[in-house]
**Student:** 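I have a structure I would like to understand better, so I am pasting it below and will then ask my questions one at a time.
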Amino acid sequence: MMQYPQTLLDDIRAAIDIVDLVSRFVNLRKAGTGWKGLCPFHAEKTPSFTVNPRKGIFHCFGCGVGGDAFGFLMRQDRLSFPEAVRALAKTAGIALPEERGKGGDSGREELLRVMDLAARFYQQALWKPAGERARAYLEQRGIDSGIAQRFGLGYAPEGWDALLSFMRSEKVTEDALATAGLAIPRENRAGAYDRFRGRLLFPIRDLQGRVVAFGGRAFGDEQPKYLNSPETPLYTKGNLLYAADLARPTIQTQNRAFLVEGYVDCLMCHQHGFTATVAALGTAFTPAQLALLRRYCDEVVTFFDADAAGQKAAARAEELLEPTDGGMAWAVNRAGAFAGGGAFRVKVALLPAGHDPDTFLRTAGGEAFEERITAARSLLAYALDRAIVDPDGATGPRARTSAFARVSLMLAKVADAEEATALSREAAAKLGVDATQLWIEAQRLQSSLRTPPTPSRSSPPTSTPPVERDLVTLLLHSTEARTLLLALLDESDDLGHASLRSIVRALKSRPDASAESLMTDLETDEARSVLSSLLVEDRESIDARVSIEQFQRRLERSQRLRRARVVSQSIAETQAKTGVTAPMHAELRTLHQESAVVYGITGGVAQSLDHGTTGSPRSSDE
């Protein structure tokens with residue numbers, strides 16, 4: 001894994017605040033001396049993801065993933081190790097030595113460079129004379145130049161090869177442009193042409209603030225009205241939220257996000273001070289986007305036109321109420337409160353008929369918009385209203401029975417028990433039934449809705465034997481233990497767990513290294529995860545001498561037994577070749593000496609090779 005000097009990696013690691021790094025992607029909360037949050041690498045409702053700032057490591061007790069700042073960025077952004085080193089070195093302001101080769105580069109960095117060049121080209125074009133039409137459109141929509149610059153809006157000039165010509169001067173190939181989704185290969189002849197032409201462009205950034213795609217808006221009747229980048233190695237539709245990189249700090253501070261549908265809606269919200277706003281990139285709100293928001297806050301407010309609120313809320317509720325891999329369960333703890341935690345609420349703020357956030361903010365202003373947010377109602381409450389009303393307009397006992405069934409099914413999908421209770425009371429009052437009946441029926445339906453867990457992308461490492469785990473933990477935390485025990489330890493014989501063997505080999509190679517810096521010495525994700533699990537919790541300061549003495553005796557015994565096995569095997573091989581009567585006095589005496597020491601370590605007494613001596617406990621009787 002290492003392609004850089006260890007001192008350089010240690011300097012970068014020391015300069016990076018891992019809490020700050022992880023906080024860009026996970027909503028962390030203080031827990032003792034560390035920080036906890038929902039794991040970004042597997043779906044969970046109760047936080048099991050831990051960050052230890054003093055040691056600069058993270059570990060998830062749910063899926064078993066762990067590592068240091070390099071490992072986190074590699075997993076989060078799917079980077080190679082050299083890419084992660086370069087990214088963190090840039091953040092830390094540490095210069096890297098000239099790289100001799102880029103064999104470890106996956107090509108992702110080149111695509112990011114291409115997208116960055118394109119974003120600059122388009123942004124500069126917006127403010128040149130050729131961009132007058134685009135600027136006029138922004139003025140017409142009431143978008144300030146400051147917001148346009150903050151979001152990096154751009155203009156794709158008319159013509160088939162404006163971007164291509166610029167990229168040739170930057171030595172970017174047509175293949176690279178096609179892979180990045182910026183150019184389209186011609187069908188019947190060689191060459192390519194610009195994907196975006198004569199459009200206002202909205203750069204789409206990842207959580208690191210890097211441009212990975214574009215959305216293009218036509219000015220007139222051109223079709224399609226919106227043209228978005230295709231899926232590329234950098235961009236997967238439905239996985240990102242527009243402006244999430246800019247909105248994230250406010251979302252984390254306020255513990256709330258505002259979700260809108262369009263780019264201009266999002267810009268207008270930010271322009272009026274609602275900087276926790278993100279947009280769904282023109283797609284249906286996906287589970288991946290929901291999971292992204294859930295990392296940073298506990299509440300999301302979305303906006304619906306009053307006329308379409310019921311229908312849209314029902315559709316959105318279906319997106320949110322899909323059973324999770326872990327199933328659902330309502331529980332009450334001994335204090336009588338709902339257990340489980342991790343509640344995530346989605347609310348709906350109603351706007352007047354015919355309005356979206358853009359038009360409402362421009363006509364009514366920020367104060368009126370804030371009032372709508374304050375009056376926001378649970379999304380599920382709107383969906384509940386729709387579930388109660390018979391789709392065919394029927395009334396009477398049969399319609400009430402059908403509504404009871406629809407409401408029970410909806411409640412069974414609500415993961416938050418406290419919200420399910422409130423909704424059941426509201427529904428019971430409207431249906432004229434006992435809320436307890438609804439609750440019992442919803443609980444019954446829950447068991448049939450649960451889906452079996454699917455293997456997460458990262459499965460927990462295999463369990464480590466307790467004695468081996470204690471030994472390696474002692475070596476990681478105690479310099480004295482390393483001095484006295486490493487020489488006695490034969491990892492291939494004394495340790496059965498592969499990851500623990502890897503950690504010990506790394507320790508033997510660099511016995512003076514800090515435990516955290518060994519992360520970059522380990523070759524496998526499992527070994528790094530095991531190391532993080534051994535380090536993430538701060539152990540109380542204890543006298544390690546007793547443990548050292550116990551392991552010293554154990555390892556000395558193991559070492560003597562290995563020597564005895566070698567001598568015994570040598571005797572057996574010699575006798576097999578020369579005959580059983582061949583003299584082997586020296587070898588036998590060595591075998592006896594090693595065995596005697598082992599007996600002594602375990603509290604026994606070895607029998608002497610010389611008959612009648614005091615070496616045997618029975619010699620006086622013979």
Side-chain angles (χ1 to χ4, degrees), residues 258-261 265 280 283-287 289-290 299-324 328 330 338 343-357 359-360 371-451:
F258 301 126
L259 177 66
V260 297
E261 293 185 359
D265 289 332
T283 64
F285 192 45
T286 67
Q289 291 171 329
L290 177 65
E299 182 178 290
V300 172
V301 178
T302 190
F303 302 86
F304 292 155
D305 173 322
D307 283 350
Q311 183 177 354
K312 284 190 174 183
R316 184 60 52 86
E318 285 300 315
E319 297 166 3
L320 300 179
L321 292 177
E322 285 302 313
T324 62
M328 297 166 295
W330 296 329
F338 288 100
F344 184 72
R345 306 287 174 83
V346 180
K347 293 184 176 181
V348 173
L350 282 184
L351 300 179
H355 277 283
D356 55 27
T359 59
F360 185 79
E371 290 175 358
R372 298 282 175 163
I373 292 171
T374 303
R377 186 180 173 212
S378 168
L379 170 72
L380 299 179
Y382 284 97
L384 182 69
D385 290 344
R386 190 174 177 84
I388 290 174
V389 176
D390 189 274
D392 299 322
T395 58
R398 181 172 296 181
R400 188 181 299 111
T401 300
S402 298
F404 182 92
R406 289 194 300 272
V407 171
S408 298
L409 181 60
M410 195 200 94
L411 291 175
K413 295 180 180 180
V414 180
D416 178 17
E418 192 169 356
E419 186 166 18
T421 302
L423 290 170
S424 66
R425 289 171 183 156
E426 183 178 340
K430 293 179 178 179
L431 289 171
V433 299
D434 185 357
T436 305
Q437 289 179 296
L438 269 177
W439 181 264
I440 292 172
E441 177 63 12
Q443 281 187 315
R444 186 187 68 79
L445 289 171
Q446 267 199 344
S447 59
S448 61
L449 288 173
R450 292 181 187 173
T451 57

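By convention here, the first residue in the shown sequence is residue 1. Computed from a predicted model, the values in this text were never measured in an experiment.
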**Student:** With rounding to the nearest 0.5 Å, note down the distance linking NE2 in His355 to CZ in Arg372.
**Tutor:** 9.0 Å
**Student:** Tell me the closest heavy-atom pair linking Ala427 and Ile388, and the distance in Å.
**Tutor:** CA-CD1, 4.1 Å
**Student:** To the nearest 0.5 Å, tell me how far Thr374 OG1 sits from Lys347 NZ.
**Tutor:** 9.5 Å
**Student:** Between Pro357 and Leu351, is there a side-chain heavy-atom distance shorter than 4.5 Å?
**Tutor:** yes
**Student:** Nearest 0.5 angstrom please: Phe304 CZ to Glu261 CD, how far?
**Tutor:** 7.0 Å
**Student:** Taking all non-hydrogen atoms of both residues into account, name the closest pair between Asp305 and Ala353 and its distance.
**Tutor:** OD1-CA, 3.4 Å
**Student:** For Gly354 and Thr359, work out which heavy atoms get closest and say how close.
**Tutor:** O-OG1, 4.4 Å
**Student:** Quick one: does Arg406's side chain have a donor or acceptor within less than 3.5 Å of a partner on Ala387's backbone?
**Tutor:** yes
**Student:** Could you check whether any side-chain N or O of Thr302 sits under 3.5 Å from a backbone N or O of Leu259, counting only pairs where one atom can act as donor and the other as acceptor?
**Tutor:** yes
**Student:** Give me the ring orientation class for Phe258 and Phe303: parallel if the planes are under 30° apart, tilted from 30 to 60°, perpendicular past 60°.
**Tutor:** tilted
**Student:** Is there a side-chain contact between Gln437 and Ser424 in this structure, where contact means two heavy atoms from C-beta onward sitting under 4.5 Å apart?
**Tutor:** no
**Student:** Decide, yes or no, whether a salt bridge links Asp385 with Arg377 under the criterion of side-chain N to carboxylate O below 4.0 Å.
**Tutor:** yes
**Student:** Under 4.5 Å between any side-chain heavy atoms of Glu426 and Leu384, yes or no?
**Tutor:** yes
**Student:** Quick one: closest heavy-atom pair of Ala442 and Leu411, and the distance?
**Tutor:** CB-CB, 3.9 Å
**Student:** Nearest 0.5 angstrom please: Leu423 CG to Ser378 OG, how far?
**Tutor:** 5.5 Å
